[in-house]
Visitor: 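Got a structure here, written out as structure tokens. Questions coming.
Positions are given from 1, in the same order as the sequence printed here. Just so you know, these numbers come straight off a predicted model, no measurement behind them.
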Amino acid sequence: MASSIPLILPQDVEPLVSQVAGHAKDKDKRSPGMLKHKDGYVLKPMLKPVQAKTEIQFYEGLAGAPHAALQPFIPKYYGISHVKIESYDGKVIILEDVTGTFCKPCVMDIKIGKQTWDPFATASKRESEERKYVECKKQLGFSIPGFQVYDSISNHLKKFDKNYGKSLNGDTVKNAFSIFLNLHKPKCALMAVDVYIAEIQKIFDIMSQQNNVHLYSSSVLLSYDCEQLGKNIDPSLWSRVHMIDFAHAYTGETHEQGPDNNYLEGLKSLLQLLKSFKE
């Protein structure tokens, strides 16, 4: 088990090249960004102790929770360890690399919810969050902090960061999905949309039937392997949906009971947008 690794050696890790959002590598902030272990695990630095504790509690309590049915959509959790690399010397959460088997991973991070600050956020934090991705969150109930896509013709990797995401609105967000899905190319990922719709609908159904967990600033991760485009292969084998980022996940013990309407409305809007590609 990865959780038995007491210390991860710096020569055994490298940057996670498929990271498209979240805390990027920043020496000034002593952030190494997301890391990839030689054995295939993803390492998420515990930069903020309080949020890291919340995320660990979510993973460790998932199996016995009322929302345990979400497990198939959540990266496997293998415990915590310690790594010293460049300016970072601290603990990391060890997770499954959900695109580890892909040759050319195309990945989109979609942050769900109009409200991305949690109930315990300070006034300044709330104000900061309200200024981010204003148009998308207001009009759609979700935002796109980043994505990467391999051009299905040239094979060149293109990355679109948070600045691109902040420029999007209810009208232009569909173009972002078109780019991500290679829709203007002879070899496109339109078949993946059926998988995304089916899997997100399952998440929606599970979330709508539980009153225990509320997710703030959590994302749905869409992925597919560009290498498989144009081949006669079942799209469920090369396209995936996962739920990630649980640093602001609150259960009935720390949050009022009731459906997570903020999250559900975002999922509903995302489903509507994806279905529009099939019309």
Visitor: Could you please spell out the steps behind the salt bridge (charged side-chain N to carboxylate O under 4.0 Å, His left out) verdict for Arg240 and Glu199?
Guide: CA-CA 8 Å; Arg240 299 170 184 166; Glu199 296 297 272; over 6 Å; no

Visitor: Working note: Trp117 + Glu130, criterion side chain to side chain donor-acceptor pair (under 3.5 Å); need CA distance, chi angles, decisive distance, verdict.
Guide: CA-CA 8 Å; Trp117 46 267; Glu130 290 296 326; 2.6 Å; yes

Visitor: Could you walk me through whether Leu183 and Leu190 pass the side-chain contact (heavy atoms from CB on, under 4.5 Å) check?
Guide: CA-CA 7 Å; Leu183 289 189; Leu190 186 60; 4.1 Å; yes

Visitor: Is Ser217 reaching over with its side chain to a backbone N or O of Asp118, donor-acceptor style, under 3.5 angstrom?
Guide: no

Visitor: Does one side chain, of Asp205 or Gln201, offer a donor that lies under 3.5 Å from an acceptor on the other?
Guide: yes

Visitor: More than 12 non-hydrogen atoms from neighbouring residues, nucleotides or ligands closer than 6.0 Å to NZ on Lys185, yes or no?
Guide: yes

Visitor: One thing to verify: whether Asp225 and Lys231 come together as a salt bridge, which I'm taking to mean a side-chain N less than 4.0 angstrom from a carboxylate O.
Guide: no

Visitor: Is there a side-chain contact between Phe120 and Val50 in this structure, where contact means two heavy atoms from C-beta onward sitting under 4.5 Å apart?
Guide: no

Visitor: Roughly how far, to the nearest 0.5 Å, is the CG atom of Leu168 from the CD atom of Glu135?
Guide: 10.5 Å

Visitor: How far does OG of Ser239 sit from CG of Asp194, to the nearest 0.5 angstrom?
Guide: 9.0 Å

Visitor: Please assess Met191 against Trp238 for the test side-chain contact (heavy atoms from CB on, under 4.5 Å), listing each intermediate value before the final yes or no.
Guide: CA-CA 10 Å; Met191 287 193 299; Trp238 51 264; 3.9 Å; yes

Visitor: Just by distance, with hydrogens left out, do Thr172 and Asn169 show a side-chain donor and acceptor under 3.5 Å apart?
Guide: yes

Visitor: Using a 3.5 Å distance criterion without hydrogens, assess whether the side chain of Asn262 forms a donor-acceptor pair with backbone atoms of Lys114.
Guide: yes

Visitor: If hydrophobic clusters are built from ILVMFWY residues whose side chains come within less than 4.5 Å, do Leu157 and Met34 share one?
Guide: no

Visitor: What closest approach, in Å, do Ala68 and Leu62 show between heavy atoms, and which atom pair accounts for it?
Guide: CB-O, 3.3 Å

Visitor: Please check if the side chain of Ser269 supplies one atom and the backbone of Gly266 the other of a donor-acceptor pair under 3.5 Å.
Guide: no

Visitor: Tyr216 vs Gln115, test: side chain to side chain donor-acceptor pair (under 3.5 Å). Steps then yes/no.
Guide: CA-CA 7 Å; Tyr216 299 96; Gln115 179 181 325; 4.5 Å; no

Visitor: Taking the side chain as everything from C-beta on, heavy atoms only, tell me whether Phe142 gets closer than 4.5 Å to Lys137.
Guide: no

Visitor: Taking atom NZ of Lys174 as the centre, report whether more than 12 heavy atoms of other residues, nucleotides or ligands fall under 6.0 Å from it.
Guide: yes

Visitor: In terms of heavy-atom contacts, does NZ of Lys76 have more than 12 from other residues, nucleotides or ligands at under 6.0 Å?
Guide: no

Visitor: Walk me through whether Glu14 and Lys38 qualify under side-chain contact (heavy atoms from CB on, under 4.5 Å).
Guide: CA-CA 8 Å; Glu14 60 184 13; Lys38 68 175 185 178; over 6 Å; no

Visitor: Sequence neighbours left out, what passes salt bridge (charged side-chain N to carboxylate O under 4.0 Å, His left out) with Lys111? Give chain and number order.
Guide: none

Visitor: Would a single hydrophobic cluster contain both Val193 and Tyr150, if residues Ile, Leu, Val, Met, Phe, Trp and Tyr are joined by side-chain heavy-atom contacts under 4.5 Å?
Guide: no

Visitor: Take the angle between the ring planes of Tyr59 and Tyr77 and call it parallel below 30°, perpendicular above 60°, tilted in between.
Guide: parallel

Visitor: Please evaluate residues His82 and Asp89 with respect to the criterion side chain to side chain donor-acceptor pair (under 3.5 Å), reporting the C-alpha separation (whole Å), side-chain torsions for both, the decisive distance (0.1 Å), and the verdict.
Guide: CA-CA 8 Å; His82 189 281; Asp89 185 358; 3.1 Å; yes

Visitor: Hey, is NZ on Lys91 packed in by over 12 heavy atoms from elsewhere, all under 6.0 Å?
Guide: no

Visitor: Nearest 0.5 angstrom please: Leu270 CG to Lys275 NZ, how far?
Guide: 10.5 Å

Visitor: Determine the sole option in Leu221, Val98, Val42, Ile93 for which the side chain to side chain contact (heavy atoms under 4.5 Å, CB included) test with Pro75 is passed.
Guide: Val98

Visitor: Go through Ile110 and Ser143 one step at a time and tell me if the side-chain contact (heavy atoms from CB on, under 4.5 Å) criterion holds.
Guide: CA-CA 6 Å; Ile110 306 171; Ser143 54; over 6 Å; no

Visitor: Do Ile112 and Ser219 have side-chain heavy atoms sitting under 4.5 Å apart?
Guide: no

Visitor: What pairs with Asn232 under side-chain hydrogen bond (donor to acceptor under 3.5 Å, both in side chains), at least two apart in sequence or on another chain?
Guide: none

Visitor: Is His242 close to Phe73 at the side-chain level, that is, under 4.5 Å between some pair of heavy atoms?
Guide: no

Visitor: Is it the case that more than 12 heavy atoms not belonging to Lys268 sit under 6.0 Å from its NZ atom?
Guide: no

Visitor: Please report the shortest heavy-atom distance between Ile56 and Ile80, naming the atom on each side.
Guide: CD1-CG2, 3.7 Å

Visitor: Give the minimum heavy-atom separation between Pro66 and Asn212, together with the two atoms involved.
Guide: CD-ND2, 3.6 Å

Visitor: Any non-hydrogen side-chain atom of Ser223 less than 4.5 Å from a side-chain atom of Pro105?
Guide: no

Visitor: Rounded at 0.5 Å granularity, tell me how far CD1 in Ile74 sits from CD1 in Ile244.
Guide: 11.0 Å

Visitor: Where is the tightest heavy-atom contact between Phe277 and Ser178, given as atom of each residue plus distance?
Guide: CE2-OG, 3.6 Å

Visitor: Just by distance, do the side chain of Gln139 and the backbone of Gly170 share a donor-acceptor pair under 3.5 Å?
Guide: yes

Visitor: Is the distance between the ring centroids of His67 and Phe58 under 6.0 Å?
Guide: yes

Visitor: Does the Ser152 side chain pair with the main chain of Cys188, one donor and one acceptor, at a distance under 3.5 Å?
Guide: no

Visitor: Show your reasoning for whether side chain to side chain donor-acceptor pair (under 3.5 Å) applies to Asn155 and Lys104.
Guide: CA-CA 9 Å; Asn155 288 323; Lys104 297 174 183 174; 2.8 Å; yes

Visitor: Do Met108 and Ile144 make a side-chain contact, defined as non-hydrogen atoms from C-beta onward lying under 4.5 Å apart?
Guide: yes

Visitor: Any link between Phe102 and Leu237 through a network of hydrophobic side chains (Ile, Leu, Val, Met, Phe, Trp, Tyr) touching at under 4.5 Å?
Guide: no

Visitor: Could you check whether any side-chain N or O of Thr122 sits under 3.5 Å from a backbone N or O of Lys125, counting only pairs where one atom can act as donor and the other as acceptor?
Guide: yes

Visitor: Could you check if a side-chain atom of Asp109 sits within less than 4.5 angstrom of a side-chain atom of Pro145, using non-hydrogen atoms only?
Guide: yes

Visitor: Decide whether Val195 and Leu274 are clustered together by the hydrophobic rule: side chain heavy atoms of Ile, Leu, Val, Met, Phe, Trp, Tyr closer than 4.5 Å, transitively.
Guide: no

Visitor: Would you find a donor on one side and an acceptor on the other, under 3.5 Å apart, between the side chain of Asp260 and the backbone of Leu215?
Guide: yes

Visitor: Quick one: SG on Cys103 to CD on Gln228, what's the gap to the nearest 0.5 Å?
Guide: 6.5 Å

Visitor: Kindly compute the distance separating CE (Met207) from CG (Asn261), expressed to the nearest 0.5 Å.
Guide: 10.0 Å

Visitor: If two hydrophobic side chains count as joined below 4.5 Å and joins carry through other members, does Leu273 share a cluster with Phe204?
Guide: yes

Visitor: Do Val220 and Tyr263 have side-chain heavy atoms sitting under 4.5 Å apart?
Guide: yes

Visitor: Using the ring centroid of each side chain, check whether Tyr196 and Tyr224 are separated by less than 6.0 Å.
Guide: no

